[in-house]
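Below is one structure, written out as structure tokens; the observations come after it.
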Amino acid sequence: MRVIEMGNLPEQEVICEDCHSTLAYTKPDVISQVDEYMGELHDHTFIKCPVCGSKIILTVDCVSMKE
């Protein structure tokens, strides 16, 4: 994963809401996790911002969180 300035790279892009960096990521950068809440399993995918270290949620229960 890397910080980019131009928006014309083939990777998927997302903007970090904490530091406002534009990030490009590929499938190997995405982390999948399953958590249990009140007896139900919920899966989510995320990446970590290399600039500020915040967790950027991409999907929750297969529903995209990107605009």
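All heavy atoms count here, side chains included; hydrogens, waters and symmetry mates do not.
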Atom pair CD1 (Ile15) and OG (Ser21), whose distance is rounded to the nearest 0.5 Å:
9.5 Å
Honestly curious: do Val30 and Ile56 fall in one hydrophobic cluster under the side-chain, below-4.5 Å linking rule?
yes
Closest approach of Tyr37 to His42 (non-hydrogen atoms, all atoms of both residues)
CD1-CD2, 3.7 Å
Residues sharing Val34's hydrophobic cluster, by side-chain heavy-atom contacts under 4.5 Å among ILVMFWY, directly or via others?
Leu41
Separation between SG (Cys49) and CD (Glu17), nearest 0.5 Å, reads 11.5 Å
Does the Asp43 side chain pair with the main chain of Gln33, one donor and one acceptor, at a distance under 3.5 Å?
no
How long is the span from the OG atom in Ser32 to the NE2 atom in His44, to the nearest 0.5 Å?
9.0 Å
List the residues meeting side-chain hydrogen bond (donor to acceptor under 3.5 Å, both in side chains) with Asp18, not counting sequence neighbours, and say none if there are none.
Ser54
Applying the side chain to side chain contact (heavy atoms under 4.5 Å, CB included) test to Thr45, which of Thr59, Ile31, Val60, Ile57 qualifies?
Thr59
Taking all non-hydrogen atoms of both residues into account, name the closest pair between Ile47 and Asp29 and its distance.
CG2-O, 3.6 Å
